[in-house]
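Everything below concerns the one structure shown next.
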Amino acid sequence: EITKEQRALIKAILAAYDRHQIPQDVTKKLLQEQYSAEENFLLLTEVATSQVQVLVEFTKNIPGFLSLDREDQIALLKGSAVEAMFLRSAQVLSKKMPSGHTEVLEERIRKSGMSEEFMTPMFNFYKSIGELHMTQEEQALLTTITILTPDRPYVKSHEAVERLQETMLNVLRKLCVLQHPQEPQYFARLGRLTELRTLHHYHAEMLTSWKTNDHKFTPLLCEIWDVQ
Ligand SMILES: CC(C)c1onc(-c2c(Cl)cccc2Cl)c1COc1ccc(-c2ccc3c(C(=O)O)csc3c2)cc1
């Protein structure tokens with residue numbers, strides 16, 4: 001039984017998640033013809049930059065986030081950006097989104113000059129997300145929970161973040177029971193997404209491999225990923 005407050009929380013988070021999406025004119029570029037590794041990397045960089053901007057706006061609408069310490073807000077965004085983008089791109093690749101970007105996005109990621117060793121874990125993760133058949137509420141809440149992870153580097157008031165995350169976890173736990181009655185283990189399976197952490201680790205190496213091949217990132221990505 002979800003309380004009135006929890007229902008209001010879900011409504012607010014879902015509204016923010018739906019409102020803050022990458023603009024069409026950016027995602028549309030993924031459908032253009034050129035498929036060179038250079039072109040793919042440039043397009044992915046553009047989409048990732050737009051995704052970070054969208055993520056910042058979404059985060060500002062998480063109830064309680066703006067009352068956290070200012071520096072902690074930055075630390076949480078920097079620490080969760082990669083994982084939130086894995087979650088979002090996973091929705092696109094697992095055909096969860098009506099956008100016709102699934103095929104072209106996969107193609108561009110596979111051919112963006114990323115070393116092979118990251119492909120397998122990355123696309124295995126995408127596959128396991130697809131098999132979860134998350135509802136929109138669950139995706140929005142999971143992204144929120146990922147952002148509100150207290151043990152990110154440089155977070156000072158750990159407890160304040162932990163309290164917020166706990167509130168969201170309680171809601172998600174109840175929601176999973178309601179929305180997946182046939183699968184009592186569903187919430188536990190969502191927890192398995194801790195694989196996200198290992199992908200985060202791979203991602204740091206991905207960035208270095210791109211950088212060594214003299215790939216340029218945008219100022220926003222350099223700032224959020226501490227590159228250059
Ligand atoms: C700098 C760049 C080369 C990079 O470095 N690491 C990663 C990176 C990769 Cl390659 C995989 C996972 C995470 C990251 Cl950061 C990336 C690319 O990051 C992406 C971020 C976000 C999308 C993404 C989101 C939403 C949507 C939607 C939609 O909402 O309708 C339609 S199309 C689309 C596309 C794709 C790629």
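For reference, positions follow the sequence shown, starting with 1. Start at 1 and go down the list; that is how both ligands and their atoms are numbered. Excluded from the calculations below are hydrogen atoms, water molecules and symmetry mates; all remaining heavy atoms, backbone and side chain alike, are included.
- The pair Glu57-Lys60 meets the salt-bridge criterion, with a side-chain N (NZ, NE, NH1 or NH2) lying under 4.0 Å from an Asp/Glu carboxylate O.
- With a 4.0 Å cut-off on non-hydrogen atoms, Ile22 touches ligand 1 through its side chain and not its backbone.
- In plain terms, the two heavy atoms of Ala90 and Phe125 that are nearest each other are CB-CE2, 4.5 Å.
- A side-chain donor-acceptor contact under 3.5 Å links His101 to the backbone of Thr27.
- In the vicinity of Thr27, heavy-atom distances shorter than 4.0 Å reach the ligand 1 atoms 27 (C), 31 (C), 32 (S).
- Those atoms of ligand 1 that come under 4.0 Å of a heavy atom in Val92, given as number and element, are 25 (C), 26 (C), 27 (C), 28 (C), 31 (C), 33 (C).
- Using a 4.0 Å cutoff on heavy atoms, Tyr126 counts as a contact of ligand 1.
- Remark: ligand 1 atoms within the under-4.0 Å shell around heavy atoms of Trp210 are 3 (C), 5 (O), 6 (N).
- Residue contact check for ligand 1: His203 places a non-hydrogen atom closer than 4.0 Å to it.
- Shown in contact with Phe41 at under 4.0 Å from a heavy atom are these atoms of ligand 1, numbered in order with element: 3 (C).
- Less than 4.0 angstrom separates some heavy atom of Val47 from each of these atoms of ligand 1: 21 (C), 22 (C), 23 (C), 34 (C), 35 (C).
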Salt bridge (Lys or Arg N to Asp or Glu O under 4.0 Å) evaluation trace for Lys127 with Glu131: CA-CA 6 Å; Lys127 195 164 142 294; Glu131 287 156 1; 3.2 Å; yes
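- Judged purely by distance below 3.5 Å, without hydrogens or angles, the side chains of Thr135 and Gln179 pair a donor atom with an acceptor atom.
- Per-residue contacts place Leu30 under 4.0 angstrom from the following atoms of ligand 1 (heavy atoms of the residue considered): 32 (S).
- Checked by atom type and distance alone, the side chain of Glu39 never pairs as donor or acceptor with a backbone atom of Ser36 at under 3.5 Å.
- Proximity of a side-chain donor or acceptor of Trp210 to a complementary backbone N or O of Ser112 within less than 3.5 Å is detected.
- Within the 4.0 Å heavy-atom cutoff, Phe118 does not count among the residues contacting ligand 1.
- Within ligand 1, counting atoms from 1 as listed, the ones closer than 4.0 Å to a heavy atom of Phe86 are 11 (C), 12 (C), 13 (C).
- One option in Lys28, Lys216, Met122 has a heavy atom closer to atom 9 (C) of ligand 1 than any other, and that option is Met122.
- Numbered from 1 in the order shown, with element, the atoms of ligand 1 that lie under 4.0 Å from a heavy atom of Leu221 read 1 (C).
- With sequence neighbours excluded, no residue forms a side chain to side chain contact (heavy atoms under 4.5 Å, CB included) with Lys11.
- Ring geometry for His180 versus Tyr186: interplanar angle under 30°, hence parallel rather than tilted (30 to 60°).
- Residue contacts with ligand 1, taken as heavy atom pairs separated by less than 4.0 Å, involve Trp225 solely via side-chain atoms from C-beta onward.
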